[in-house]
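Just so we're on the same page: letters track the sequence lines, and every chain starts at 1.
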Protein chains: 2
Amino acid sequence: MATGRTHRPATRSRGIPEATVARLPLYLRALTALSERSVPTVSSEELAAAAGVNSAKLRKDFSYLGSYGTRGVGYDVEYLVYQISRELGLTQDWPVVIVGIGNLGAALANYGGFASRGFRVAALIDADPALTGKPVAGIPVQHTDDLEKIIQDNGVSIGVIATPAGAAQQVCDRLVAAGVTSILNFAPTVLSVPDGVDVRKVDLSIELQILAFHEQRKAGEEAAAEAAAVPAAATRGDSADQGPDGDVPAVMPA
Amino acid sequence: MATGRTHRPATRSRGIPEATVARLPLYLRALTALSERSVPTVSSEELAAAAGVNSAKLRKDFSYLGSYGTRGVGYDVEYLVYQISRELGLTQDWPVVIVGIGNLGAALANYGGFASRGFRVAALIDADPALTGKPVAGIPVQHTDDLEKIIQDNGVSIGVIATPAGAAQQVCDRLVAAGVTSILNFAPTVLSVPDGVDVRKVDLSIELQILAFHEQRKAGEEAAAEAAAVPAAATRGDSADQGPDGDVPAVMPA
DNA sequence: ATGTCTTTGTGAACGCGTGCACAAAGATGG
DNA sequence: CCATCTTTGTGCACGCGTTCACAAAGACAT
């Protein structure tokens, strides 16, 4: 899960809870897969399993959208695909610009999951003059100098920042000034934006750090379990073992 | 924010709430920046601003770790960096393998944010024989056939999946069977894993879809505001306008 | 038409996370 | 040594999200 949210606190957009909105794309993906297999209807139980959530939660989520199911039968797959798409705004075309065409930016430009969901990469932008004009994923890279013009000419309202951390805030400011109101930020920085602009953050190293935390805890529990398996008077209690629970005061400096 | 969690429900690992764990890397980043500027101490207010959170939340988060502050002064930067690093398990070395060396995998291999936090890319693995032996980010790509041996020889417990969706579950199963217990998944699929294995998911298109939802809502509100600005009897109420609130029944099929 | 069976939609209870507001703790100056 | 000032640590209340459990609704067979 990408972390960071920077949303208006809890605006309950049109009555749909934020947590539900975050799951709609999940349901949509599962439904699309069913649709491709020409499955006509699906029960909340089946769909929930496919999306990896609790069925009660799924039903409650759908209840915020309306009463789209048929009791005793389930949900019509095609109909639900359409309803969720419409709710998410995917029935319209969203031109997107990607700023910062390094490894990550190039990967994003090549990512297939965008086009299939109404997102169109309108332009790639980079500050390096050596890149200007070079095609990436079939689209020529344009120079940062033209950022404002590109945004306005294409009516772009969603921007993706894949620059180094140092450049992110500056790029963000220019995007916002040019009219962008939603930003997906891959740079490891906290962006400050005016009210009315949404920022979502994806941070790869944060995800790994969270995994490391749980990994460490698992290792600690294992060690504790092993220690507990040894009846009583094993080699223990002496060196505090510096396990993840080695809560040594470590000498407060200053 | 990467979405998807697939964690044990609410195990309150060692008493530290999951939400707090997710913010620790944020604090750590801000603190590291301060440390590089040789700032000796920082107040909860300042640090909270730098990390983009509420200061009360930050203090409560830290209170789960222990009483590491000094009233009237603030927190010692170096000390706190150490404590959070230790808590997250970043004081030890975490060998990581990346499976699937396409655009995204290559971007991840080149990502600098790993090495600086105790993560070491132990190996790159891909199923394409044409890639085998080719260096990416200075590391030669190895073939999927050797996956199990690589995991075991390097004592890897964290795996990153950057393969196409179709291959993800199979790769996941092999990783888990070989001993991996934490997985960061970039493939757009729900992975099923046995108990005791943590999966975190990062899905680029989901993030964009959530932004699109809010973007659409903003456009709708704007339109509504404009309509409201016109006193009363404007051209309205006729075609339902098909705005984001055009909740047309749309003819239930089936 | 009536009964049975399946599955939805939701009321209600509960738990987690957030933020306020303040008392306790320590620094600092006289 | 005392007063004042700053900043932490936390008790408390509130709201969101999750889950249970069940009544209502419709399909389907007889």
Just to confirm, is there a sub-4.0 Å distance from OP1 or OP2 of [N] to any side-chain nitrogen or oxygen of [X]?
X: A:Ser43; N: C:dT7; result: no
X: B:Ser44; N: D:dT7; result: no
X: B:Tyr75; N: D:dG9; result: yes

How far apart are the closest heavy atoms of [X] and [Y], and which atoms are they?
X: A:Gln209; Y: B:Leu90; value: OE1-CD1, 3.6 Å
X: A:Tyr64; Y: A:Gly15; value: CD2-O, 3.9 Å
X: B:Pro25; Y: A:Ile206; value: CB-CG1, 3.7 Å

- Note on the structure: Heavy-atom contacts, protein to nucleotides 23-29 of chain D, under 4.0 Å, summarised as B (base), S (sugar-phosphate only) or - (none) per nt, yield -BBSS--
Please state how far atom [atom1] in [X] lies from atom [atom2] in [N], giving the value in whole angstrom units.
X: A:Glu46; N: C:dT6; atom1: CD; atom2: C1'; result: 12 Å
X: A:Leu65; N: C:dT8; atom1: CG; atom2: P; result: 15 Å
X: B:Leu80; N: D:dG9; atom1: CG; atom2: C1'; result: 14 Å
X: A:Gln83; N: C:dG9; atom1: CD; atom2: P; result: 12 Å
X: A:Glu45; N: C:dG9; atom1: CD; atom2: P; result: 14 Å
X: A:Phe62; N: C:dT7; atom1: CZ; atom2: C1'; result: 14 Å
X: A:Leu47; N: C:dG9; atom1: CG; atom2: C1'; result: 16 Å
X: B:Glu18; N: C:dT18; atom1: CD; atom2: C1'; result: 16 Å

- Between B:Thr163 and B:Gln170, is any pair of side-chain heavy atoms under 4.5 Å apart?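 No, every pair of side-chain atoms sits at 4.5 Å or beyond.
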- Query: Do A:Leu26 and B:Lys201 have side chains that get closer than 4.5 Å, going by heavy atoms?
  - Reply: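 Counting from C-beta outward, A:Leu26 and B:Lys201 do come under 4.5 Å.
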- Query: Would a distance-only check, ignoring hydrogens and angles, find a side-chain to backbone donor-acceptor pair under 3.5 Å from A:Glu45 to A:Ser55?
  - Reply: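 Not a single qualifying donor-acceptor pair exists.
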- Are any side-chain N or O atoms of A:Ser35 and backbone N or O atoms of A:Leu31, one a donor and one an acceptor, separated by less than 3.5 Å?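 No, A:Ser35 side chain to A:Leu31 backbone: no donor-acceptor pair under 3.5 Å.
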- Query: Mind checking what makes side-chain contact (heavy atoms from CB on, under 4.5 Å) contact with A:Ala49, not counting sequence neighbours?
  - Reply: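 Testing A:Ala49 for side-chain contact (heavy atoms from CB on, under 4.5 Å), a comparison that skips the adjacent residues, returns none.
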- Item | Proximity of A:Tyr79 and A:Tyr68 rings by center, below 6.0 Å |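 Yes: the rings meet the under 6.0 Å criterion.
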- Between residues 52-61 of chain A and DNA chain C, which residues have a heavy-atom gap below 4.0 Å?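 Residues of residues 52-61 of chain A that come under 4.0 Å of DNA chain C are, in numerical order, A:Arg59, A:Lys60.
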